[in-house]
Q: 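Sending over a structure as structure tokens; questions will come in a sec.
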Amino acid sequence: MSLSDFITPGLFPRCTEASNLYSTALIRLGQPISVYKCNHPKPFLTKQPTINSNNCQENKCIFFCTCANITIVDSTKIDHEAVIPPETLNGLKELGLFGIQIPEEYGGLGLSNTMYARLGEITSLDGAIAVTLAAHQAIGLKGILIAGNDDQKAKYLPKLATGEHIAAFCLTEPGSGSDAASIQTRATLTEDGKHFLLNGTKFWISNGGWADIMTVFARTEVVDKDGQKKDKITAFIVERAFCGVTSGKPEDKLGIRGSNTCEITFEDTKVPIENVIGEVGGGFKVAMNILNNGRFSMGSAGAGLIKRLIELTSEYACTRKQFSRSLSEFGMIQDKFATMTLNAFVMESMAYLTAGMMDRPGVPDCSLEAAMVKVFSSEGSWICVSEALQVLGGLGFTKNYPYERYLRDCRILQIFEGTNEILRMYIALTGMQYAGKILTGKIKYTIVEEQLVLKKVADVLINLYAMTAVLSRTSRSISIGLSERSLNGLGFVFSPDSPENNDANTKKIAQEVLAKRAYVCSHPLDRTF
Ligand SMILES: Cc1cc2nc3c(=O)[nH]c(=O)nc-3n(C[C@H](O)[C@H](O)[C@H](O)COP(=O)(O)OP(=O)(O)OC[C@H]3O[C@@H](n4cnc5c(N)ncnc54)[C@H](O)[C@@H]3O)c2cc1C
């Protein structure tokens with residue numbers, strides 16, 4: 001079977017070039033970012049302690065930087081107290097992590113999507129921090145970055161890049177979640193035509209309690225070509241310093257408890273017309289572009305988390321004895337390590353393939369691919385965290401260990417940035433557009449109402465994209481000499497029809513991982529030319 005057999009015409013037109021895209025490597029774990037040009041210290045992560053039944057040291061991630069500033073992230077404390085301490089936030093700001101993709105001319109790190117994904121492997125080790133950073137830059141300020149004008153960029157990005165100002169993305173409302181186009185917040189032009197008056201309530205806003213700058217979506221009246229008045233959505237940059245902005249108290253959440261999630265109310269908030277992002281009436285497209293743009297990084301974030309889980313649990317599996325044998329000798333425990341390894345491998349493959357495509361000139365639209373990465377990775381992470389917890393049996397269920405927290409933190413991934421149900425609809429219906437054009441007028445069938453069919457189609461497409469990414473990465477690895485057996489084996493094990501997809505190979509992968517107490521595969525960004 002060749003790669004082209006996987007490709008539906010019009011669906012994955014860019015994938016045939018996939019193997020080249022793994023050449024966009026720039027960051028490695030434990031090493032400074034090689035293309036660093038600005039003055040921020042360089043973030044990297046220490047070798048972390050493995051599981052220890054006498055203390056909870058494994059709950060602390062340590063972000064180091066070359067200037068000897070050390071930021072200790074105590075995830076247990078963040079979860080327990082439901083807040084990220086100011087000193088931790090300040091440490092993250094000093095590392096430049098609030099301006100990862102803001103261009104250097106505005107004081108950011110100016111990193112590519114690939115590098116953003118690479119850093120996501122590290123920041124995802126604390127869910128609350130990952131969501132705080134993502135709410136700020138993957139959605140909060142992204143509108144200014146991708147659709148703002150030069151004046152808006154010059155005015156807002158420098159303080160956002162350093163973290164002096166925090167950003168939030170305000171779309172969801174009490175009556176409008178998945179159906180984002182139904183928002184009721186309204187912006188009315190003042191008589192002098194210089195301001196909009198903003199009124200309405202936004203719900204579930206990450207960073208909502210402390211954001212200084214918000215991207216807010218509201219209905220505005222527009223007059224169309226035929227002179228008809230219509231309500232259309234417009235995107236605005238709103239400063240908390242403008243009057244009439246109030247935040248509710250933080251939500252008490254299941255997971256990512258240290259991230260701040262609040263209701264925000266706007267009451268006659270006066271927003272200058274200069275603060276419209278893009279065109280009046282063009283806000284829905286801005287919102288979708290922002291969301292579509294950020295989802296791909298969930299793949300590398302999930303992979304980073306799973307690799308950490310493998311490190312944490314493998315030592316326990318190899319030392320804990322039951323029935324006079326270590327857990328690692330049991331096939332069903334080995335299966336869990338193979339599942340974790342396989343998921344991390346696939347998520348990495350999908351995330352870096354997509355990031356590489358997004359980094360190509362001309363800002364190609366990768367919204368479909370990004371949605372597939374998001375669905376696969378959010379569900380894969382959930383399964384893997386549960387399997388890691390299961391390795392520890394009863395201990396995994398206690399608060400002495402981080403697994404229950406990882407499980408709680410991980411659950412949100414299937415809900416926000418587009419629920420997996422809505423994204424499956426998007427994936428299936430987008431994937432059918434080619435066939436739809438051909439069949440229009442020939443058959444009478446309202447496919448949009450056939451959700452169970454759409455779910456199956458979406459799952460097929462997600463798996464096809466995953467296999468495309470995995471086979472592409474594997475074939476590149478073979479051709480450039482990264483040919484560890486397990487790496488290539490993984491590629492084939494993930495292809496359901498491959499003869500390599502058998503129990504013996506699954507065990508082989510698990511045994512290798514358990515022996516090294518770590519994820520064994522090369523990184524997709526290794527060896528770039
Ligand atoms: C911790 C957290 C942080 C968040 N941060 C932000 C933020 O920063 N900014 C922001 O704007 N929003 C944010 N949100 C909101 C988030 O994007 C919404 O929760 C999400 O879009 C779903 O909306 P909803 O909760 O109203 O669920 P609903 O839309 O009411 O959906 C409920 C369930 O029904 C399903 N469903 C809905 N419609 C369909 C359909 N047509 N077919 C099949 N199934 C369907 C959904 O998938 C879901 O499972 C956040 C939410 C949370 C929990």
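Counting starts at 1 for both ligands and their atoms, in listed order. Just so we're clear, the structure is a prediction, and the values are computed from it rather than from any experiment. Quick note: residue numbers are just sequence positions, from 1.
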Q: Within the structure, does Ile415 bring an N/O atom to less than 3.5 angstrom of an N/O atom in ligand 1?
A: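 No; every N/O pair is 3.5 Å or more apart.
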Q: Within a reach of under 6.0 Å around CD of Glu279, are more than 12 heavy atoms found that belong to other residues, nucleotides or ligands?
A: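 Not more than 12 within 6.0 Å, no.
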Q: Has Lys159 got more than 12 heavy atoms of other residues, nucleotides or ligands less than 6.0 Å from its NZ?
A: no
Q: From atom 32 (C) of ligand 1, is the closest protein heavy-atom distance below 4.0 Å?
A: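 Looking at atom 32 (C) of ligand 1, one finds that no protein heavy atom lies closer than 4.0 Å.
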Q: Any idea which atoms of ligand 1 are less than 4.0 Å away from a heavy-atom of Leu171?
A: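 Ligand 1 atoms under the 4.0 Å threshold to Leu171: 11 (O).
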Q: Exactly one of Phe236, Phe242, Phe266 should register a ring pair (Phe, Tyr, Trp, His ring centres under 6.0 Å) with Phe196. Which one does?
A: Phe236
Q: Can you tell me if NZ on Lys153 sees more than 12 non-hydrogen neighbours from other groups inside 6.0 Å?
A: yes
Q: Which protein non-hydrogen atom lies closest to atom 9 (N) of ligand 1, naming both residue and atom, and how far is it?
A: Phe169 O, 2.8 Å
Q: Which one of Ala287, Ser178, Gly208 has a non-hydrogen atom at the shortest distance from atom 37 (C) of ligand 1?
A: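 Nearest option to atom 37 (C) of ligand 1, by heavy atoms: Ser178.
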Q: Please check if atom CD1 in Ile438 has more than 12 non-hydrogen atoms from other residues, nucleotides or ligands closer than 6.0 Å.
A: yes
Q: Among protein heavy atoms, which lies nearest atom 22 (C) of ligand 1, and at what distance?
A: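 Looking only at protein heavy atoms, the one closest to atom 22 (C) of ligand 1 is Thr419 CG2, 3.6 Å.
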Q: Would Tyr406 and Asp126 satisfy side chain to side chain donor-acceptor pair (under 3.5 Å), going step by step from the backbone distance to the final call?
A: CA-CA 8 Å; Tyr406 281 135; Asp126 184 284; over 6 Å; no
Q: Is it the case that more than 12 heavy atoms not belonging to Asp224 sit under 6.0 Å from its CG atom?
A: yes
Q: What protein heavy atom lies closest to atom 44 (N) of ligand 1? Include the residue and the distance to one decimal.
A: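 Residue, atom and distance for the closest contact: Glu421 CB, 3.7 Å.
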Q: I'd like the name of whichever of Gly418, Gly177, Ser176 reaches closest to atom 24 (P) of ligand 1 through any heavy atom.
A: Gly177
Q: Ignoring hydrogens and angles, state whether a donor on the side chain of Asn199 or Thr185 is under 3.5 Å from an acceptor on the partner side chain.
A: no
Q: With backbone taken as N, CA, C and O and side chain as the heavy atoms from C-beta onward, which portion of Ile412 lies under 4.0 Å from ligand 1: side chain, backbone, both, or neither?
A: side chain
Q: How far is atom 42 (N) of ligand 1 from the closest protein heavy atom, and which atom is that?
A: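 Ranked first by proximity to atom 42 (N) of ligand 1 is Gln451 NE2, 2.9 Å.
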Q: Can you tell me which portion of Thr172 lies within the under-4.0 Å heavy-atom range of ligand 1? Options are side chain, backbone, both, or neither.
A: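 It is both backbone and side chain that touch ligand 1.
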Q: Would you check whether Asp179 has a nitrogen or oxygen atom less than 3.5 angstrom from a nitrogen or oxygen atom of ligand 1?
A: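 N/O-N/O distance under 3.5 Å: no.
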Q: May I ask which of Ile183, Ile422, Val216 has a heavy atom nearer to atom 38 (N) of ligand 1 than the others do?
A: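 Checking each option, the heavy atom nearest atom 38 (N) of ligand 1 is found in Ile422.
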Q: Might you check, step by step, whether the distance between atom 17 (O) of ligand 1 and some protein heavy atom is under 4.0 Å?
A: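 Yes, there is one.
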Q: Can you tell me if Glu267 uses its side chain to pair, donor with acceptor, with the backbone of Thr265 under 3.5 Å?
A: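 No, because the side chain of Glu267 does not come within donor-acceptor range (under 3.5 Å) of the backbone of Thr265.
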Q: Please state which protein non-hydrogen atom is closest to atom 14 (N) of ligand 1 and give its distance, to 0.1 Å?
A: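 Residue, atom and distance for the closest contact: Trp204 O, 3.3 Å.
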Q: Testing Leu133, Val131, Leu125 for side chain to side chain contact (heavy atoms under 4.5 Å, CB included) with Ile129, which one passes?
A: Leu133
Q: Say whether Ser182 and Ser176, considering side chains only, have a donor N or O and an acceptor N or O under 3.5 Å apart.
A: yes
Q: Please report whether ligand 1 has a polar contact with Ser206, defined as an N or O pair separated by less than 3.5 Å (distance criterion only).
A: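 It does: an N or O of Ser206 is found under 3.5 Å from an N or O of ligand 1.
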Q: If we count only non-hydrogen protein atoms and require a distance under 4.0 Å, does atom 3 (C) of ligand 1 qualify as touching the protein?
A: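 When distances to the protein are checked, atom 3 (C) of ligand 1 has a heavy atom within 4.0 Å.
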Q: Can you tell which part of Ala135 has a heavy atom less than 4.0 Å from ligand 1: side chain, backbone, both or neither?
A: neither
